[in-house]
Amino acid sequence: MYLNKEEERIYEGERGWAYQIAMKILVKLGDLYEADKLILIDSAHISGVSYKTIGDTAIEFLEALVKAGAKSKVRSTANPAGIDYNHLEEMVTLPKLHERQARIIELYESMGINPILTCTPYYLRRPREGTHLAWAESSTVIYANSILHSWTNREGGPSALAASLIGKTPNYGVHKSENRRADVLVKVETDLKNEAEFGALGIHVGRILKNEIPSFEGLLHPEENQLKHLGAAMASTGMSSLFYPCTSCPKSSDTLETLSVDTNDLKRAFESLSTTDEAPDMIYIGCPHCSFEEVKQVAQKIRNKKVKDGVKLWVCTSRYVRRKTESYVKIIEAAGGKVISDTCAVVTWLKELGVDVLMTNSAKTAYYAPTMNRVKTIFTSLDECIEAACQE
Ligand code: F3S
């Protein structure tokens, strides 16, 4: 990969160890994927924030970067952590976890990374169409490419951090227009009624397509929230970082290979994500973190109802959306639910909170929770989640 004079000097260590290691990460990645050069980015979004997922070795690395004077070059934001410090009564209360998690957040912050602790940074600031980004967190990446029309590869935590420090990313993958063309036409031969069905479609398609780019036919007037669930699920079972919700997209050839999806495919996807028929002890809404509309929807559905004793209802969103939806948050909390920020069911310590059976409308959470959280899952629509959470 070509480096200009300034980039070479950083590579040689003229600006210190932190920037040298960041440049080396980018060059390694660029060489691996045959990038021609580094390109400027508008922003970086960094994953690897929860102490549960990164552990002590990563903290040592972050400590070393901070000590060496690392500072972000571009606007940068951080993914959810393992704890919501404003809802400690709902969190695992081990002092070591609290202290370690707080240290991670502090380290990112001292590098100039905004600790918004959400996987939906685009609700705070929508990047412009066509801008290059270095975003980590697969659901965030696929949303950026497919719905916001900005351009980002699926970064890992370290490469997004390196890009944040340098302000650039290697030019390969979906940063190049020739790699953004659809490979497969997915014909959806059933009407999708809710976000869970969009998630089920994503799970099914991701399993089959792996890293191919689909163009969907038959999604009638999908809402952004529904597409968010589709993308998050597709990026869980597959490696795609881009899809086209309709057929008006650049294609890799005139006649695309076709994949048809019908009701039975969706039924199988639902079944694969439900591992029990026991009663849930937690109902979880908010993966990816809820939008304004989604918090409102939950409030409207739960108004004048009461969450059952012994059942937790968590609605996860960013602090930003929580503030903007205060009146709806009050309705949800009056019913006995909790509107949690800064974390999510997957990156916190669920089992240690006494959760054994998790019900969710998120295909992504239902996919990861059995392995990442060792809980049993029930995957269903928001309506059924609210019904199961509340007393008759
Ligand atoms: Fe976001 Fe957590 Fe889901 S980070 S995409 S809410 S697993």
Side-chain angles (χ1 to χ4, degrees), residues 47 79 119-120 135-148 152-156 173-174 179-190 192-219 222-247 249 251-252 256-275 287-289 344-347 360-373 377-381:
S47 64
N79 223 31
C119 49
T120 55
W135 283 13
E137 167 48 51
S138 63
S139 71
T140 317
V141 168
I142 199 164
Y143 193 96
N145 281 313
S146 316
I147 294 151
L148 308 178
T152 174
N153 282 323
R154 185 169 165 159
E155 303 291 346
V174 293
N179 296 330
R180 295 181 67 89
R181 295 181 189 134
D183 305 305
V184 180
L185 177 67
V186 178
K187 288 191 175 181
V188 183
E189 294 172 345
T190 172
L192 303 182
K193 292 185 286 297
N194 54 48
E195 72 300 327
E197 295 193 354
F198 275 81
L201 173 65
I203 291 288
H204 175 70
V205 170
R207 279 184 178 135
I208 294 171
L209 297 191
K210 303 297 177 203
N211 62 356
E212 288 183 297
I213 299 174
S215 165
F216 287 92
E217 186 182 281
L219 301 181
E223 295 164 11
E224 277 195 12
N225 289 323
Q226 296 171 327
L227 296 177
K228 179 175 74 170
H229 282 272
L230 167 60
M234 206 168 87
S236 302
T237 49
M239 284 303 291
S240 289
S241 53
L242 170 60
F243 67 91
Y244 293 96
C246 65
T247 44
C249 61
K251 298 180 180 62
S252 55
L256 292 182
E257 189 192 325
T258 301
L259 170 71
S260 297
V261 181
D262 61 20
T263 323
N264 287 331
D265 296 316
L266 295 194
K267 192 165 168 268
R268 273 194 297 277
F270 268 95
E271 284 166 2
S272 73
L273 298 179
S274 291
T275 61
C287 169
H289 274 177
C344 74
V346 173
V347 301
T360 182
N361 69 336
S362 162
K364 174 169 179 172
T365 288
Y367 179 76
Y368 282 115
T371 43
M372 299 241 335
N373 304 80
T377 50
I378 305 160
F379 172 53
T380 186
S381 66

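Keep in mind that what you see is a predicted model, and the values were worked out from it rather than measured.
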K364 NZ to S236 OG distance, which is reported to the nearest 0.5 Å: 5.0 Å
N145 (side chain) donor-acceptor with F243 (main chain) under 3.5 angstrom: no
Test log, rule side-chain contact (heavy atoms from CB on, under 4.5 Å), inputs L266 and L201: CA-CA 6 Å; L266 295 194; L201 173 65; 4.0 Å; yes
For S241 against V141, the heavy-atom pair lying closest together: CB-CG1, 3.8 Å
Nearest-0.5 Å distance that lies between atom CG in L209 and atom CD in E257: 8.0 Å
Flag side-chain contact, heavy atom, 4.5 Å: F198 against L219: yes
Side chain T152, main chain W135, donor-acceptor under 3.5 Å: yes
Side-chain (N225) to main-chain (E195) donor-acceptor, under 3.5 angstrom: no
N194 CG to E223 CD distance, which is reported to the nearest 0.5 Å: 10.5 Å
C119 backbone acceptor or donor facing T140 side chain under 3.5 Å: yes
Heavy-atom pair of closest approach, residues G202 and T237: O-OG1, 3.7 Å
Side-chain donor or acceptor of T365 paired with backbone N/O of N361 under 3.5 Å: no
Exam field: side chain T377 to backbone L273, donor-acceptor pair closer than 3.5 Å: yes
H289 backbone acceptor or donor facing K228 side chain under 3.5 Å: yes
Side-chain (S381) to main-chain (A196) donor-acceptor, under 3.5 angstrom: no
Polar side-chain atom of D262 near backbone of T190 as donor-acceptor pair, under 3.5 Å: no
Reported NE2-to-OG distance for the pair H229 and S139, which is rounded to 0.5 angstrom: 10.0 Å
Separation of D265 CG from E189 CD (nearest 0.5 Å): 9.0 Å
Atom pair CG (D183) and CG (L256), whose distance is rounded to the nearest 0.5 Å: 7.5 Å
Qualifying residue, where the test is side chain to side chain contact (heavy atoms under 4.5 Å, CB included) with I142 and the options are M234, R154, E137: M234
Heavy-atom donor-acceptor pair, S240 side chain to I213 backbone, under 3.5 Å: no
Contact summary for G173 and N153, nearest pair of heavy atoms: CA-OD1, 3.5 Å
Nearest heavy-atom neighbours spanning C287 and S362: O-OG, 2.9 Å
Minimum heavy-atom distance S47-G156, with the two atoms named: OG-C, 4.3 Å
S272 versus A269, closest heavy-atom pair with distance: OG-O, 2.8 Å
Pair Q226-L192, side-chain contact (heavy atoms from CB on, under 4.5 Å): steps then yes or no: CA-CA 9 Å; Q226 296 171 327; L192 303 182; over 6 Å; no
Between E217 and S215, a side-chain donor and acceptor under 3.5 Å: no
V346 and N373, any side-chain heavy atoms less than 4.5 Å apart: yes
Presence of salt bridge, K267 and E271, under 4.0 angstrom: yes
Any F216 side-chain heavy atom under 4.5 Å of L230 side chain: yes
